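Here is the structure we will look at, set down as structure tokens.
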Amino acid sequence: MENIYLPSEVQLRQWGEKLMHAILNTPRTQGVVIYLNGDLGAGKTCLSRAMIQSLGFQGRVKSPTYTLVEEYDLPEIFIYHFDLYRLADPEELAFMGIRDYFNANTLCLIEWSSQGQGFLPPADLVIDLQYVDDARSLAIRANTPMGNNILNQLR
Ligand code: ADP
Ligand code: MG
């Protein structure tokens, strides 16, 4: 478990870039799953955007609030960015073919994972973002050996 204080969006973005590099530098036998927790506006999408853009993606990184998932087929890794806030019923994920999303050399960034309970694979890493006045704090913990290896790369 690590706690990081992020005074502004600049630091949040820099930390996201470091996390992306740590993921790419960790041997992966299966997809990486990251749950992003925190209130509206805490910075979940901002962090996802920084991670995706750190790989040179030039287009817009939209919030998947309405589409539920946005995909990024990048040279280094395939990224699925979920936002399950508007998911009415977790069973919808089964109809979306959710299992197909979690293959090797994929990264799943999942906002509002609690909405998909029972239909999501377990997280390798769980990130909690919190308001600290106008700044943010971030806590990250690993739930799997691969998650632990990524955390070690971050240090
Ligand atoms: P979420 O996806 O969690 O609902 P967003 O990422 O869409 O939140 O929005 C986060 C907001 O907080 C943005 O307006 C961003 O500029 C701001 N923000 C991000 N990181 C920080 C930070 N470390 N300190 C202060 N504001 C931040
Ligand atoms: Mg969001």
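Start at 1 and go down the list; that is how both ligands and their atoms are numbered. Bear in mind the structure is a predicted one, so any value in this text is a computation, not a measurement. These numbers come from the heavy atoms of this one structure, side chains and all, not from hydrogens, waters or symmetry mates.
At the top of the distance list for atom 18 (N) of ligand 1, counting protein heavy atoms only, stands R136 NH2, 4.0 Å. In terms of protein heavy atoms, atom 7 (O) of ligand 1 is closest to T45 CB, 3.7 Å. Closest protein heavy atom to atom 16 (O) of ligand 1: E9 OE1, 2.4 Å.
If you number the atoms of ligand 1 from 1 as listed, the ones under 4.0 Å from a heavy atom of D134 come out as 24 (N), 25 (C), 26 (N). Those atoms of ligand 1 with a heavy atom of E111 less than 4.0 angstrom away are 2 (O). Atoms of ligand 1 found under 4.0 Å from any heavy atom of K44 (numbered from 1 in listed order, with element): 1 (P), 2 (O), 3 (O), 4 (O), 6 (O), 8 (O). Residue A135 approaches ligand 1 through these ligand atoms, each under 4.0 Å from one of its heavy atoms: 24 (N), 25 (C). Atoms of ligand 1 lying under 4.0 Å from at least one heavy atom of S8, given by number and element, are 21 (C), 22 (C), 23 (N), 24 (N). Ligand-side atoms of ligand 1 in range of D39: 3 (O), range being under 4.0 angstrom from any heavy atom. Of all atoms in ligand 1, listed by their number and element, those nearer than 4.0 Å to a heavy atom of L6 are 22 (C), 23 (N), 24 (N). The ligand atoms of ligand 1 that sit less than 4.0 angstrom from a heavy atom of L40 are 4 (O).
The backbone N or O of V61 sits less than 3.5 Å from a side-chain atom of R49, completing a donor-acceptor pair. Here the side chain of R136 pairs a donor or acceptor atom with the backbone of A42 at under 3.5 angstrom. Side-chain N or O atoms of R141 include none that pairs as donor or acceptor with a backbone N or O of A139 at under 3.5 Å. Side-chain atoms of T144 come within 3.5 Å of backbone N or O of G147 as a donor-acceptor pair. In terms of modelled atom types and a separation under 3.5 Å, the side chain of E17 and the main chain of S54 share no donor-acceptor contact. For K44 (side chain) and D39 (main-chain N/O), a donor-acceptor pair under 3.5 Å exists by modelled atom type. Put simply, the side chain of D83 gets close to the backbone of Y85: a donor and an acceptor are under 3.5 Å apart. In terms of modelled atom types and a separation under 3.5 Å, the side chain of E111 and the main chain of F82 share no donor-acceptor contact.
For the Mg ion (ligand 2), protein N/O/S neighbours under 2.8 Å (waters excluded) are T45 OG1, E111 OE1.
Backbone and side-chain nitrogen or oxygen atoms of L12 are examined, and none is located within less than 3.5 angstrom of a nitrogen or oxygen of ligand 1. Residue contacts with ligand 1: C46 is placed with a nitrogen or oxygen under 3.5 Å of a nitrogen or oxygen of the ligand (distance criterion only).
The option with the heavy atom closest to atom 11 (C) of ligand 1, from among P7, G43, G38, G41, is G41.
When distances from atom 21 (C) of ligand 1 to the protein are checked, a heavy atom turns up under 4.0 Å. Within a 4.0 Å radius of atom 14 (O) of ligand 1, the protein has no heavy atom.
Shown here are the salt bridge (Lys or Arg N to Asp or Glu O under 4.0 Å) partners of R60, two or more places apart in sequence or in another chain: there are none.
One side chain, Q53 or R13, offers a donor N or O that lies under 3.5 Å from an acceptor on the other. If you check the side chains of T26 and N149, you find no donor sitting under 3.5 Å from an acceptor. Using a 3.5 Å distance cut-off with no hydrogens or angles, the side chains of Q117 and S114 do not pair a donor with an acceptor.
Residue contact annotation: L36 has no non-hydrogen atom under 4.0 Å from ligand 1. Residue-ligand proximity: Q11 is placed with every non-hydrogen atom at 4.0 Å or more from ligand 1.
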**Test side chain to side chain contact (heavy atoms under 4.5 Å, CB included) applied to N152 and L154, step by step** = CA-CA 5 Å; N152 288 333; L154 259 178; over 6 Å; no
**Q.** N148 and I150: CA distance, side-chain angles, deciding distance, side chain to side chain contact (heavy atoms under 4.5 Å, CB included) verdict
**A.** CA-CA 5 Å; N148 244 321; I150 294 169; over 6 Å; no
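Test L68, V69, T45, I110 against H81 for side chain to side chain contact (heavy atoms under 4.5 Å, CB included) and you get one pass: T45.
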